[in-house]
Every structure is written in C-alpha cells, then in structure tokens.
Enquirer: 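Got a structure for you, questions after.
All values below come from the heavy atoms of this structure, side chains included, with hydrogens, waters and symmetry mates left out. Bear in mind that the values here come from a model prediction, so they are computed numbers and not experimental data.
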2 protein chains.
Amino acid sequence: MPRPRGTHDARAELRGRAATINDIARLAGVSKKTVSRVINQSPLVRADTREKVETLMREVGYVPDPMARGLAFRRSFLIGMIYDNPTAQYIVDIQYGALDALRDSGFELIVHPCDSRSPGYIDGVRRFVQLQKLHGVMLVPRVSEDQALADMLDELGCRYARIAAVALDSPERMVVTHDRDGGAEVADYLQTLGHRELAMITGPATYRSAMERSEGFIGALRRRGIEIPPERLAEGGYTFESGVAAAERLLALPAPPTAIFCGNDEMAAGVYRVAVRAGVRIPQQLSVVGYDDSPLATRLWPPLTTVRRDTRDTGRMAAALLLQNSTASGVRLSVRPHLVVRDSCGPPA
Amino acid sequence: MPRPRGTHDARAELRGRAATINDIARLAGVSKKTVSRVINQSPLVRADTREKVETLMREVGYVPDPMARGLAFRRSFLIGMIYDNPTAQYIVDIQYGALDALRDSGFELIVHPCDSRSPGYIDGVRRFVQLQKLHGVMLVPRVSEDQALADMLDELGCRYARIAAVALDSPERMVVTHDRDGGAEVADYLQTLGHRELAMITGPATYRSAMERSEGFIGALRRRGIEIPPERLAEGGYTFESGVAAAERLLALPAPPTAIFCGNDEMAAGVYRVAVRAGVRIPQQLSVVGYDDSPLATRLWPPLTTVRRDTRDTGRMAAALLLQNSTASGVRLSVRPHLVVRDSCGPPA
DNA sequence: CTGAAAGCGCTTACAG
DNA sequence: CTGAAAGCGCTTACAG
C-alpha cells in the first residue's frame with residue numbers, strides 16, 4: 001500500500017533529521033514567517049495556507065524547538081515549582097496535578113525547593129527565575145504566603161500562581177484551599193457526636209493554613225456555644241514529634257479533652273502514639289481528627305477521620321493559571337476541603 | 001566609600017540590563033569567542049586574559065544564557081528524571097538528592113513521570129528527550145530496569161544513569177543499591193533472634209528490587225540451614241492492600257510463621273493491620289520487618305524494624321554521574337542498605 | 001593563544 | 001494576508 005505521496009516526499013527530504021521551521025517553509029512553499037504564524041496561532045494566515053502548513057507539520061512530526069523559540073521570545077517554556085518543606089505526598093501530588101495541566105502544552109515542570117528561613121532565599125529564587133527566563137512559577141505553601149516573594153516576582157514581570165488557604169492576591173494568581181471550612185466541618189462533626197471538652201493541636205502560628213484551620217474550628221464551636229480553654233490549645237510544628245509532645249501535655253491535663261483535632265495527619269499520628277502508650281483507647285476514650293488525608297491516615301489503627309484536600313486538583317489549577325492567555329477563563333480557582341469519616345471518632349466516654 | 005572603579009563602570013554601562021557575552025567581550029576588550037572560551041573552560045586562553053574576563057563576569061554578575069548556549073550546543077542544560085510509580089517519599093528523596101548534585105552546576109531538574117505499562121511509553125520518553133534535547137536522564141526503578149528504554153536512549157545518544165538493585169549496565173551508567181544485601185541482613189537478624197518458621201511477602205516478581213530482596217533473604221537463610229516452604233512465600237504488589245491480603249493468608253496457615261519479612265514498609269503496615277485485627281501482638285507473637293525505612297516505619301506501633309536505603313544519596317550519585325565529563329572519577333557508584341532495629345521483632349513465642 | 005564569520009532555530013519589526 | 005532582513009545570545013569551524 002503506497003503512502004500518500006506528500007508524506008513520503010517530505011519524510012524522504014529530511015532523511016531522519018528532525019525538521020526545522022526552514023524545512024516546513026520550503027516544503028510548504030511559504031516563508032518561515034508564515035510557518036511561524038501558524039505555530040503561534042496568528043489569525044493573519046489564510047485558512048488554506050494554514051491548513052497546508054499544519055498538515056505538513058503533522059506529517060513530518062514537526063514540533064518547534066523550545067530553546068530556539070525561547071531565545072527569540074526571551075522567555076522559556078518552563079514552569080518552576082517553588083516550595084519550602086511540605087510533606088512528600090503533598091509535593092508529589094502537586095507535581096502530578098501540575099503535570100496533568102502541562103501535558104501536551106509544550107511546557108515542562110522544573111522543581112525548585114528552597115529554605116524560606118534562610119536570608120538569601122528570595123534572591124535565590126530571583127536568580128533562578130531570571131536565568132531560566134521562566135514562563136511562570138507555582139508557589140506552594142508556605143512560600144506562597146510570603147508577600148515579599150510575590151512582590152519580587154511581580155517586579156520581575158514573572159507570572160505566578162499562589163496556593164494558599166485564603167485569597168492573598170488577585171484571583172488570576174490564586175488557588176484558594178479554604179482551610180477555614182475544613183476546620184469548621186470538623187467542629188460541626190465533633191459537636192454532633194456530643195463532644196464538649198475539645199482540644200486542638202494547631203500547626204505553626206506562622207503558617208496561614210494552620211491559623212485558618214484552627215480559627216475555622218474554634219469559630220464554629222463558638223457559634224455553637226462551645227469554648228476551648230487556652231490550656232487545651234497546643235501549638236505544634238506539623239511534625240509527628242510535635243504531635244507527641246502536645247498530646248502528652250493535653251492528656252496529662254486535670255480535665256483532659258474527649259476529642260482532639262490536629263492541624264495535620266502527622267500530628268494526629270503523634271496523638272495515636274501517646275494514646276497507645278498511655279493505654280487510652282481511640283475512639284472509645286478519645287476521638288482524634290487529622291487534616292490532609294495522607295496515606296498515613298489509613299495505615300494507622302483505627303483508620304483516621306481526617307479532612308481531605310484535593311491536592312492534585314490544586315496543582316492542576318495552579319499550573320493551568322500559568323498557561324492562560326486571558327485573565328477571563330473557565331479555570332476553577334478554588335478547591336474545597338471535606339471531612340472523610342473513618343473510625344477514630346465516637347461519642348465521648 | 002567609593003566602589004572599585006572597574007565595577008562601577010561596568011555596572012553603569014549595563015544600566016540594569018542583564019549582561020550578555022557581547023557586553024563582557026566589549027568591557028574586557030577581547031572577542032566574544034575568547035569570553036566563550038573562558039565560559040567553557042578552554043585551556044586555550046592566556047592566564048591573565050582569563051583572569052581579566054573572569055573578574056569582569058563576577059563583577060557584573062554575568063551568567064551565560066542557558067537557552068542561547070543550549071541552542072548553539074544543540075543540547076540543553078536540563079536533566080530529566082523518569083519514573084513510574086514509586087512512593088511519594090522515594091520520589092522526593094531522589095529529587096532532593098539530584099538537586100544537591102545539580103546545585104550551582106547550571107543544570108536544572110525536570111520531572112517526567114510515566115506509565116511503563118502503557119504501550120507507547122518509550123516513545124513518549126523519546127519525544128521528551130529529543131524535544132528538550134536533554135543533557136541526560138535519571139532512570140528510577142522500575143523504569144530503570146527496562147532494557148528497551150535504555151537501548152532507546154543509547155540510540156539517541158542521550159546519557160543516562162540507572163538506579164537499580166544490581167548492575168544492569170556499565171558502571172558509569174549505574175547506581176547500584178544492593179538490595180540483596182538488605183534481604184540477607186534481615187535473614188541474619190531474624191535467625192539470630194531464634195526464628196526458624198519464617199515467611200516473606202515479596203514485591204512483584206517483575207521488579208528486580210523485589211527479587212533481589214527475597215533472594216538475598218532466602219539465600220542467607222538457606223546458608224544457615226533454614227528453608228522457607230512455598231506456602232510461606234507470598235507475592236505482594238508493594239502496596240498496603242496487598243500486604244493485608246498476604247498477611248491474612250499467612251496468618252491463617254496451619255503452622256503460621258513466627259516472623260514475616262516484607263518487601264517494603266507499606267506491606268509491613270498491611271501485616272500490622274491484620275495483626276491488630278486478629279489480636280496477634282507484635283513483636284511478642286509475631287516479628288515483622290520492612291524495607292525502605294519510610295516515615296511510616298516510625299509512625300506505626302510498635303516502631304518498625306526495617307532496612308534503610310539512602311535514597312537521597314542515591315539520587316545525588318545518579319545526577320552526579322550525568323554531570324561528569326570523564327568516565328574516570330571519584331563518584332561513588334553504589335549505596336549499601338542497612339538494617340535499622342526498632343521494636344517490631346523479638347524472639348519467637 | 002585570539003578573532004571574524006557563519007550558524008543554531010526561532011521571532012520581532014518593518015514593508016508591502 | 002505574506003515575506004526579506006535583522007536579531008535573540010551563544011558556539012562551531014576556520015584562520016591566523
């Protein structure tokens with residue numbers, strides 16, 4: 001079966017070499033500028049010319065060279081992902097989500113962890129963004145909460161998408177995760193189970209997510225007439241060890257809580273640890289709720305009731321924001337947390 | 001305090017604009033080709049010329065544009081990380097390690113997950129490598145075990161570094177993790193504790209790591225005169241759920257094992273789950289060993305005895321291999337697993 | 001040891 | 001709607 005003539009000729013001409021814009025122009029009998037217009041979807045090309053060029057590009061499998069294009073554009077086709085030190089699962093989920101959005105877009109994802117406590121970190125990001133001429137960057141909590149970083153990017157003219165618990169920026173630069181709602185939902189759930197003596201282990205007060213989760217929790221309880229006394233509020237560091245330390249303190253209280261809400265699953269695992277060692281049974285003697293719905297939640301026994309975040313969606317949205325041409329679009333800009341009930345909560349003893 | 005004159009002049013000339021090779025050439029009073037030679041560390045530059053150019057580059061903070069350089073070189077300054085579906089912690093650790101090695105090298109890491117079971121995946125990687133003109137790729141298990149993928153990269157002339165349990169390739173392309181040794185160490189440990197009735201939940205037989213771990217375990221036991229009967233060998237899928245299923249089968253055996261070695265921590269967590277539900281106490285009635293030393297190992301109760309892999313080092317070595325100019329070098333090409341004893345093992349009941 | 005010319009594969013700015 | 005010229009910031013190939 002003979003191939004279509006055009007294809008054969010075009011392929012033969014190239015002799016296995018990757019096609020360039022010059023090849024396409026020559027084979028199509030147009031100037032390279034016209035091919036460039038087709039590549040860049042300029043409306044200033046006659047329909048039949050466009051058709052001819054597009055067919056040819058498809059036939060020879062031509063894809064423009066990102067480095068050449070980037071050099072001419074003075075901007076690369078790379079998206080940077082900037083993050084400080086979230087959990088491994090969170091990083092990976094954001095990455096997968098971002099890659100979902102970037103698939104077949106011609107953009108690639110380049111990862112850039114950094115230490116937001118080190119003094120020169122903003123300069124480090126600046127050098128990275130400038131040198132690579134990034135098309136845009138995704139800012140993951142908690143660097144996403146750093147206004148100085150956002151200001152620097154703005155000054156550089158680098159687009160960015162911030163992932164944060166609340167809207168810290170204009171809508172086209174934000175993916176909002178509404179952590180306050182998650183905290184409130186936990187409050188409602190525990191209240192409905194009958195708990196009145198509640199405690200919370202919050203994340204670091206310097207994290208917006210931590211503040212939102214705890215304020216959502218405390219606020220919702222207050223609206224239902226329940227107050228958490230100060231000694232039942234412990235600040236943790238989002239780590240297992242800090243969860244252990246906080247739980248030890250809370251369970252040693254003269255009037256220990258009947259339920260503990262933890263700012264994340266890692267700290268909830270810390271509560272589990274203390275409970276086992278102290279012989280406190282979950283959920284019979286103590287209810288525990290986490291936040292994240294990490295894989296850990298289902299590995300623990302009993303399986304942990306926790307708040308799920310759609311992290312992969314979050315990453316997808318953030319990357320999609322960076323690819324948009326117009327500000328107006330159908331991209332969803334927020335993601336809602338929701339409670340996943342498992343077996344770590346029951347009515348108070 | 002007046003600045004050194006040279007610096008001031010050079011900076012003033014640029015007026016905030018990023019310097020190019022032309023600026024450096026002009027300011028240094030040499031041709032751009034000479035500057036290029038300095039950039040590329042050519043020996044064909046007189047020492048004082050080099051010194052003059054280097055000083056100037058430092059003063060104005062000149063760094064060559066990777067896209068321009070890449071276009072001229074026909075090769076980018078990007079390293080690709082290709083992986084299938086390892087655990088989140090593993091992916092992130094390899095990434096951190098790779099970034100350690102790439103720091104200040106001018107190279108960046110671009111992530112590329114793929115599905116090695118999908119038929120077109122090798123073509124997908126080929127397009128990725130060709131389009132981005134990658135400097136090299138890191139192959140993480142299990143894609144690292146795919147000879148067809150390695151052959152394709154070889155044909156493309158793309159350098160690669162394979163991370164695998166055994167040497168599948170020439171030394172300058174391998175980071176070997178010696179999983180067999182890890183399995184053997186577990187055997188020795190359990191044997192020393194007095195166990196004779198052993199079981200193993202292996203990873204998928206299609207994973208080289210899984211085979212190495214189990215063969216190391218079984219072989220070491222055999223050398224000590226202990227055989228594992230076939231019904232005590234269960235194949236899992238490196239997942240929690242498969243660990244649960246395998247453990248249920250093993251513990252229901254007429255003569256259940258006194259110790260179970262699991263091909264990874266996730267499956268060990270599955271064994272824990274079954275043990276809790278069946279009222280089997282760890283380590284009093286059942287000893288359990290995992291592999292990975294993932295964060296999960298210390299979140300479980302009792303803390304899991306497991307085999308640690310230095311994953312970050314592994315990633316660092318793989319990336320370092322790709323940066324090397326000569327084959328001969330001081331880069332270490334292998335990493336040794338070692339047992340981390342915690343509280344999940346004891347003498348048999 | 002150093003440099004002028006041409007080129008990497010695209011786009012911008014200007015014409016028509 | 002289309003194209004010829006110049007340029008993005010580097011390197012290669014060739015001279016000297």
Enquirer: Using a heavy-atom cut-off of 4.0 Å across all strands, would you classify A:Tyr62 as base, sugar-phosphate, or nothing?
Expert: sugar-phosphate

Enquirer: What is the distance, rounded to the nearest whole Å, between atom CZ of B:Arg69 and atom P of D:dC8?
Expert: 19 Å

Enquirer: Would you say D:dC10 has OP1 or OP2 under 4.0 Å from some side-chain N or O of B:Asn22?
Expert: no

Enquirer: What is the distance, to the nearest angstrom, from the CZ atom on B:Arg26 to the C1' atom on D:dG9?
Expert: 14 Å

Enquirer: Nearest heavy atom decides the nucleotide; on that basis, is B:Arg37 or B:Lys133 closer to the 5' end of DNA chain C?
Expert: B:Arg37

Enquirer: Find the distance A:Met67:CE to C:dT11:P and express it as a whole number of Å.
Expert: 15 Å

Enquirer: Please determine whether a side-chain nitrogen or oxygen atom of B:Thr20 lies at a distance below 4.0 Å from atom OP1 or OP2 of D:dG9.
Expert: no

Enquirer: Return yes if a side-chain donor-acceptor contact under 3.5 Å exists between B:Gln41 and B:Arg50, otherwise no.
Expert: no

Enquirer: How close or far is atom P of C:dG9 from atom CZ of A:Arg74, stated in whole angstroms?
Expert: 19 Å

Enquirer: Dot-bracket for DNA chain D, please, read 5' to 3', with Watson-Crick or G-U wobble pairs under 3.5 Å on both distances, ( ) within the strand, [ ] crossing, | other strand, . unpaired.
Expert: |||.||||||||.|||

Enquirer: For B:Ala72 and for B:Asp48, find the nucleotide of DNA chain C with the closest heavy atom, then tell me which residue's nucleotide is more 5'.
Expert: B:Asp48

Enquirer: What's the CG-C1' distance between A:Leu131 and D:dC10, to the nearest Å?
Expert: 13 Å

Enquirer: Please identify which of these residues, A:Val137, A:Ile110, A:Leu102, meets the side chain to side chain contact (heavy atoms under 4.5 Å, CB included) condition with A:Ile79.
Expert: A:Leu102

Enquirer: Take B:Arg117 and B:Asn85 through the side chain to side chain donor-acceptor pair (under 3.5 Å) test and state the conclusion after the steps.
Expert: CA-CA 11 Å; B:Arg117 291 158 314 177; B:Asn85 198 21; over 6 Å; no

Enquirer: State, to 0.1 Å, how close B:Met138 and B:Gly315 come at their nearest heavy-atom pair, and which atoms those are.
Expert: CE-O, 3.8 Å

Enquirer: Verify whether one side chain among A:Asp169 and A:Tyr160 offers a donor that lies under 3.5 Å from an acceptor in the other.
Expert: yes

Enquirer: Given B:Tyr121, which of B:Asp84, B:Asp146, B:Asp115 fulfils the side chain to side chain donor-acceptor pair (under 3.5 Å) condition?
Expert: B:Asp146

Enquirer: Between D:dG3, D:dC8, D:dC10, which one does the side chain of B:Pro64 approach most closely?
Expert: D:dC10

Enquirer: When the distance from CD1 of B:Ile21 to P of D:dT12 is rounded to whole Å, what number comes out?
Expert: 11 Å

Enquirer: Of the candidate nucleotides C:dT11, D:dG3, C:dC1, which contains the atom at the shortest distance from the side chain of A:Asn40?
Expert: C:dT11

Enquirer: When the distance from CG of B:Asp23 to P of D:dC8 is rounded to whole Å, what number comes out?
Expert: 11 Å

Enquirer: Quick one: which of B:Phe77, B:Phe73, B:Phe107 gives a ring pair (Phe, Tyr, Trp, His ring centres under 6.0 Å) with B:His135?
Expert: B:Phe107

Enquirer: Looking only at the side chain of A:Arg46 (C-beta and beyond, no hydrogens), which of the listed nucleotides D:dT11, D:dC1, C:dC1 gets closest?
Expert: D:dC1

Enquirer: How many Å lie between NZ on B:Lys33 and P on C:dA6, as a whole number?
Expert: 16 Å

Enquirer: Where the side chain of A:Phe73 is concerned, which of C:dC10, D:dG9, C:dT12 is the nearest nucleotide?
Expert: C:dT12

Enquirer: OP1 or OP2 of C:dT12 versus the side-chain N and O atoms of A:Ser36: is any pair under 4.0 Å?
Expert: no

Enquirer: Please determine whether a side-chain nitrogen or oxygen atom of A:Thr34 lies at a distance below 4.0 Å from atom OP1 or OP2 of D:dC1.
Expert: no

Enquirer: Side chains of B:Thr55 and B:Glu51 only: does a donor on one sit below 3.5 Å from an acceptor on the other?
Expert: yes

